[in-house]
Amino acid sequence: MRATRFRLLFAASAALACAHPALAEQAPVAPRVPVTTPVHAIPYSPEGNEERGLWMEVDETERRIRNSPQLITDPDLHAYIRSVLCRTVGEARCGAARLYIVRTPEANASMAPNGMMQINSGMLLHLTNEAQLAAVLGHEFAHYEHRHALLWFQELKSKGNTALWLTLTGIGLLAVPGIVSGLSGYSRDMEREADIDSLARLSAAGYSLSEISAPWKLFRAEWDATAIERKRKSHTLKDDKADGSHPSLSERIAYTEAEAAKQAPGAEVGREPYRAALARWLPGFLDDQIKLNDFGASDVLIGSLAQQTGSAALLVARGDLYRTHAKPGDLEKAEGFYADAIAASDAPAEAWRGRGLVRIKLGRVDEGKADLRSYIERNPAAPDRAMMAMMIGDKA
């Protein structure tokens, strides 16, 4: 029960540090509670039995993450992300964070009170440069350094007493919506504090602040695209009411841009170092995104990234997205994306594979088989070599 309770509590406290905006629609507007917590020396040690119990459960969760098959252990990627963290928060401070990169398409990041920092591959996919990564890492570290999760935990206890803590089992916080509603304004102020804190750190580190709001704008466009694809009302309208545990996206864009204008602008964006660090993992992260079966959001995300970078891998991913969606006209669009990828100097072998599969579906079997044959020639160690060979009638 202890681990179950903590996973639910940490999911709730991580919502304070979560960079995914979908959490902004959880609860009605509540009175705001000023956040004036002083920054304490780190690392912080728990006080009292309940906080020690929380720490034990955090440690157990960290052990599970450390042993998870989803954990990315690439030393180069780790070293790069940690270097950005240390540049952003300072060498003396960044030693308090134990970094975990988890392969999951959920666009999220968090930092637990014990120093466990987690960033998901889905968040890395939504960023386009080092300055944006620094903003995310600085934001999560600000939550940690200001002890926001602990404050949330303490406020939760004060609202519901010990009995509330004991209810955090199977149905979790859904059992006490009034409590969560009463805390939403409290947590929104924490989010603002973490955002503004991170902007100051970025400015001091010399990072450009010109694109800090870009991820929020991308999330908003994804929400709209998902709503259109699923024939639902856009989330953006509800988001603009500023309810839930996070500020609305419109509010967040406005105050981050206003605060950025007050800071030294900085110069470094770091597009190329960021792309290089993610290059090995990009195809897999894109495949994870496509498997979410959210065509609208995925099309906006992949299309935006492709437009900014011109990467052939992103053109292939967009072709894969349309090929699997397979609504009227999609196969023809997919063929065009694959053709554009093939024309690029860095065309991956998968571009021929995708176009071959599309051409076969469109009834142009000989052209499709020729493409699949080119795919095998360019990638003789392909894991699906035998299947492709069977499709074209060749021996594997």
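All heavy atoms count here, side chains included; hydrogens, waters and symmetry mates do not. Because the structure is a prediction, the values reported are computed rather than measured.
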Can the positive tip of Arg323 be found less than 6.0 Å from the middle of the six-membered ring of Phe337, inside 45° of the ring normal?
no

Consider only side-chain heavy atoms of I, L, V, M, F, W and Y, link residues closer than 4.5 Å, and tell whether Leu127 and Ile72 are in one cluster.
yes

With sequence neighbours left out, the residues meeting side-chain contact (heavy atoms from CB on, under 4.5 Å) with Pro283 are none

Can you tell me how far CG of Leu301 sits from CD of Gln289, rounded to the nearest 0.5 angstrom?
5.0 Å

Can you give me the closest heavy-atom contact between Leu199 and Thr256, atom names plus distance?
CD1-O, 3.6 Å

For the residue pair Thr309 and Arg271, confirm or rule out a side-chain donor-acceptor distance under 3.5 Å.
no

Do you know which two heavy atoms are closest between Ala221 and Val300, and how far apart they sit?
CB-CG1, 3.8 Å

Say you draw a straight line from CD of Glu211 to CD of Gln308; how long is it, rounded to the nearest 0.5 Å?
7.0 Å

Would you please test Asp189 and Arg192 for salt bridge (charged side-chain N to carboxylate O under 4.0 Å, His left out) and show each step?
CA-CA 5 Å; Asp189 282 342; Arg192 294 184 188 92; 2.8 Å; yes

Rounded distance (nearest 0.5 Å) linking atom CZ of Arg201 with atom CG of Leu85:
9.5 Å

Treating Ile, Leu, Val, Met, Phe, Trp and Tyr as nodes and any side-chain heavy-atom pair under 4.5 angstrom as an edge, say whether Val269 and Tyr207 lie in one connected cluster.
no

Residues passing the side-chain hydrogen bond (donor to acceptor under 3.5 Å, both in side chains) test with Gln70, sequence neighbours excluded, are none

Are any non-hydrogen side-chain atoms of Asn114 and Arg98 less than 4.5 angstrom apart?
yes

Can you list every pair that meets ring-ring contact (aromatic ring centres under 6.0 Å, His included) and has a residue in residues 74-117, with sequence neighbours left out?
none

Using the rule given for side-chain contact (heavy atoms from CB on, under 4.5 Å), can you reason through Val84 versus Arg87, listing the C-alpha separation, both sets of side-chain angles and the distance that settles it, and then say yes or no?
CA-CA 5 Å; Val84 175; Arg87 174 176 171 177; 5.8 Å; no

Under the side-chain contact (heavy atoms from CB on, under 4.5 Å) rule, what do Thr104 and Asp288 come out as? Steps first, then yes or no, please.
CA-CA 7 Å; Thr104 172; Asp288 294 342; over 6 Å; no

Side-chain heavy atoms under 4.5 Å apart, restricted to Ile/Leu/Val/Met/Phe/Trp/Tyr: what other residues fall into the cluster of Tyr255, or is it alone?
none

Cluster check Leu249, Leu209: I/L/V/M/F/W/Y, side chain < 4.5 angstrom:
yes

Test side-chain contact (heavy atoms from CB on, under 4.5 Å) applied to Asp299 - qualifying residues, sequence neighbours left out
Phe295, Arg318, Leu321, Tyr322

Minimum side-chain heavy-atom gap Leu315-Tyr338 below 4.5 Å
no

Considering only NZ, NE, NH1 and NH2 on the basic side and carboxylate oxygens on the acidic side, decide whether Arg220 and Asp224 come within less than 4.0 Å.
no

How close do Met111 and Ala96 get, heavy atom to heavy atom, and via which atoms?
CE-O, 4.3 Å

OG/Ser374 to CZ/Arg355 distance, rounded to the nearest 0.5 angstrom?
8.0 Å

Less than 4.0 Å between a side-chain N and a carboxylate O, is that true for Asp59 and Arg63?
no

Under 4.5 Å side-chain heavy-atom separation, chaining through any Ile, Leu, Val, Met, Phe, Trp or Tyr, what else clusters with Ile228? Say none if it is isolated.
none

With disulfide (SG to SG under 2.5 Å) as the rule and sequence neighbours excluded, what pairs involving residues 51-86 come up?
Cys86-Cys94

Side-chain contact, heavy-atom cut-off 4.5 Å: Ile302 with Ile290?
yes

Is there side-chain contact between Leu305 and Ser311, with heavy atoms separated by less than 4.5 Å?
no

Where is the tightest heavy-atom contact between Leu125 and Phe285, given as atom of each residue plus distance?
CD2-O, 3.7 Å

Donor-acceptor pairs under 3.5 Å, side chain of residues 341-353 to any protein atom, not counting sequence neighbours: which ones?
unit_1: Arg353; atom_1: NE; unit_2: Asp384; atom_2: OD2; d: 2.6
unit_1: Arg353; atom_1: NH2; unit_2: Asp384; atom_2: OD2; d: 3.4

Among the clusters formed by ILVMFWY side chains lying less than 4.5 Å apart, do Ile196 and Phe141 turn up in the same one?
no

Met123 vs Asn108 side-chain heavy atoms within contact, under 4.5 Å
no

So how far is it from Ile119 CD1 to Ile81 CD1, rounded to the nearest 0.5 Å?
5.5 Å

Determine whether Met190 and His146 make a side-chain contact, defined as any pair of heavy atoms from C-beta on separated by less than 4.5 Å.
no

Any donor-acceptor pair under 3.5 Å linking the side-chain atoms of Ser110 with those of Gln118?
no

side-chain contact (heavy atoms from CB on, under 4.5 Å) with Ala306: which residues, sequence neighbours excluded?
Leu314

Please step through side chain to side chain donor-acceptor pair (under 3.5 Å) for the pair Asp294 and Thr226, ending with a clear verdict.
CA-CA 7 Å; Asp294 187 347; Thr226 296; 2.9 Å; yes

Could you tell me the separation between the CE atom of Met117 and the CD atom of Glu140, rounded to the nearest 0.5 Å?
6.5 Å

Please collect all ring-ring contact (aromatic ring centres under 6.0 Å, His included) contacts where either partner lies in residues 356-376, sequence neighbours excluded, each pair once.
none

For Glu60 and Arg64: C-alpha separation, side-chain torsions, deciding distance, then whether salt bridge (charged side-chain N to carboxylate O under 4.0 Å, His left out) applies.
CA-CA 6 Å; Glu60 173 61 18; Arg64 292 173 183 271; 3.4 Å; yes

Taking only residues two or more places apart in sequence or in another chain, which ones pass side-chain contact (heavy atoms from CB on, under 4.5 Å) with Leu362?
Leu331, Glu332, Glu335, Val358, Arg364

Side-chain contact test, heavy atoms from C-beta onward, threshold under 4.5 Å: evaluate it for Tyr274 versus Leu133 and give yes or no.
yes

Between Leu286 and Asp320, is there a side-chain heavy-atom distance shorter than 4.5 Å?
no

State, to 0.1 Å, how close Ile376 and Arg385 come at their nearest heavy-atom pair, and which atoms those are.
CG2-NH1, 2.9 Å

I need the minimum non-hydrogen distance between Ile253 and Ser213, along with the two atoms involved.
CG2-CB, 4.1 Å

Hey, can you pull the donor-acceptor pairs under 3.5 Å for the side chains in residues 275-282, sequence neighbours left out?
unit_1: Arg275; atom_1: NH1; unit_2: Glu272; atom_2: OE2; d: 2.9
unit_1: Arg280; atom_1: NH1; unit_2: Asp74; atom_2: OD2; d: 3.4
unit_1: Trp281; atom_1: NE1; unit_2: Asp74; atom_2: OD2; d: 2.8

